[in-house]
Amino acid sequence: MKIIAGNWKMNGSRDSLVHMVTALQDIDSKNTVILCVPYTMLGVDGGRVAIGAQDASAHDHGAYTGEVSANMIAATGAKYVIVGHSERRQYHGETNDIVRAKAAAVIAAGLTPIICVGETMDEKQAGKTMAIIESGVRESVPNDANNNVIVAYEPRWAIGAGLTPTDSEIADAHKLIADTLTSMGLGGTPVLYGASVKGTNAAQIMSIPNVDGVLVGGASLKPDDFIPIITSVK
Ligand code: 13P
């Protein structure tokens with residue numbers, strides 16, 4: 001059984017989410033399906049699909065205009081929150097320390113964070129991929145996460161670009177993440193791969209050792225694109 005998570009980023013509407021969850025109700029799959037949607041769509045009944053958010057404040061409540069706390073997200077019935085997505089790191093200056101604080105707030109609210117790590121093209125070309133991944137995991141995942149956490153490897157240069165690393169690059173990255181989590185006392189934590197996943201490459205990517213599922217951006221927006229990913233693995 002795999003975890004198939006969609007990240008809608010800043011796309012969609014409540015109507016398109018209802019359309020999607022309706023289309024997903026009767027598909028023949030035992031995989032866990034998660035859709036992480038904009039805040040304004042939280043509260044839509046996902047049925048067999050677990051609903052998640054895409055960010056949460058590190059703070060519980062107070063004078064933080066524009067922020068939404070993990071407790072507020074939990075109150076909508078959502079179960080997951082993406083934290084540290086590369087677009088948050090790139091456009092909002094989120095560091096590993098900020099990501100860890102947000103992940104801790106998500107866990108404290110009884111939700112599961114999906115913590116993203118991954119290297120930029122500059123870091124890849126400088127030969128720093130493995131170092132960035134390892135420090136990303138060590139510094140972004142709370143040590144006391146108590147196995148209520150998911151990690152996603154998203155090579156930042158491959159997101160939305162139609163590019164994917166080679167199978168052996170994905171295998172090396174996922175083995176490093178699994179080993180790092182084990183050394184932190186978090187062995188068995190699911191590790192997802194994300195960046196340019198689609199129906200045509202999902203099964204192959206999920207056959208790579210230590211790949212426990214996928215985090216899908218663009219191809220999670222329409223049932224015709226998302227369903228083949230979910231059903232590509234039994
Ligand atoms: P794409 O699947 O569109 O490359 O996006 C990946 C991603 O950022 C998921 O969080």
Side-chain angles (χ1 to χ4, degrees), residues 2-12 16-17 20 31-39 41-42 49-56 73 78-92 94 96 99 102-103 106 111-121 123-124 129 132-133 136-137 140-141 149-167 169-170 173-174 177 190-206 208 211-233:
K2 301 287 188 183
I3 298 170
I4 317 289
N7 172 12
W8 274 20
K9 309 192 179 186
M10 198 171 72
N11 294 294
S16 59
L17 180 56
M20 176 64 88
N31 295 322
T32 299
V33 181
I34 304 167
L35 279 173
C36 296
V37 297
Y39 291 133
M41 296 169 212
L42 297 178
V49 178
I51 301 294
Q54 301 170 7
D55 183 33
I73 294 167
K79 300 285 182 236
Y80 296 88
V81 183
I82 296 173
V83 285
H85 190 275
S86 80
E87 288 144 23
R88 300 294 312 174
R89 293 176 185 262
Q90 183 175 348
Y91 303 131
H92 301 273
E94 294 193 7
N96 287 336
V99 173
K102 290 184 167 193
V106 169
L111 305 177
T112 302
I114 302 173
I115 301 172
C116 301
V117 299
E119 78 285 3
T120 64
M121 184 53 100
E123 290 162 346
K124 178 179 168 65
T129 297
I132 291 292
I133 292 173
V137 173
S140 302
V141 179
V149 63
I150 295 172
V151 171
Y153 170 53
E154 295 211 325
R156 293 166 64 170
W157 51 273
I159 293 174
L163 300 170
T164 45
T166 63
D167 286 3
E169 285 173 329
I170 296 176
H174 279 250
I177 294 170
V191 183
L192 313 184
Y193 169 80
S196 299
V197 174
K198 29 189 197 297
T200 48
N201 63 12
Q204 171 61 24
I205 289 170
M206 285 189 273
I208 297 169
V211 177
D212 302 304
V214 286
L215 179 55
V216 186
S220 70
L221 292 170
K222 293 194 186 123
D224 283 354
D225 295 328
F226 197 38
I227 290 173
I229 297 174
I230 300 166
T231 55
S232 68
V233 177

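Atoms within each ligand, like the ligands themselves, are counted from 1 in listed order. A quick note: this is a predicted structure, and the numbers were derived from the prediction, not measured.
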>> With nothing but distance in play, are any N or O atoms of V216 less than 3.5 Å from an N or O of ligand 1?
In response: no
> Does any N or O atom in G160 lie less than 3.5 angstrom from one in ligand 1, N or O only?
Replying inline: yes
> Which of the numbered atoms in ligand 1 are below 4.0 angstrom from a heavy atom of G218?
Replying inline: 1 (P), 2 (O), 3 (O)
>> Does ligand 1 come near enough to N7 that some N or O of the ligand is less than 3.5 Å from an N or O of the residue?
In response: yes
> Which residue owns the protein heavy atom closest to atom 2 (O) of ligand 1, what's the atom, and how far is it?
Replying inline: G217 N, 2.9 Å
> Taking W8 for the side chain and S220 for the main chain, is one N or O donor matched with an acceptor at less than 3.5 Å?
Replying inline: yes
> Is it true that the side chains of E154 and H85 contain a donor and an acceptor less than 3.5 Å apart?
Replying inline: yes
> Looking only at atom types and distance, does a side-chain atom of N7 sit under 3.5 Å from a main-chain N or O of V216, one as donor and one as acceptor?
Replying inline: no
> Backbone, side chain, both or neither: what part of S196 comes under 4.0 angstrom of ligand 1, heavy atoms only?
Replying inline: both
>> Which of the numbered atoms in ligand 1 are under 4.0 angstrom from any heavy atom belonging to L215?
In response: 9 (C), 10 (O)
> Is K9 near ligand 1, meaning one of its heavy atoms is under 4.0 Å from it?
Replying inline: yes
> Does a donor on one side chain sit under 3.5 Å from an acceptor on the other, for Y153 and E119?
Replying inline: yes
> Among all residues two or more places apart in sequence or in another chain, which pass the side-chain hydrogen bond (donor to acceptor under 3.5 Å, both in side chains) test with E94?
Replying inline: R88, K102
> Side chains of T120 and R89: is there a donor and an acceptor less than 3.5 Å apart?
Replying inline: no
>> Is A219 close enough to touch ligand 1? Criterion: a residue heavy atom under 4.0 Å from a ligand atom.
In response: no
> Can you tell me which residue and heavy atom of the protein come closest to atom 7 (C) of ligand 1, and the distance to 0.1 Å?
Replying inline: E154 OE2, 3.3 Å
> So do I159 and S86 actually touch side chain to side chain, heavy atoms under 4.5 Å?
Replying inline: yes
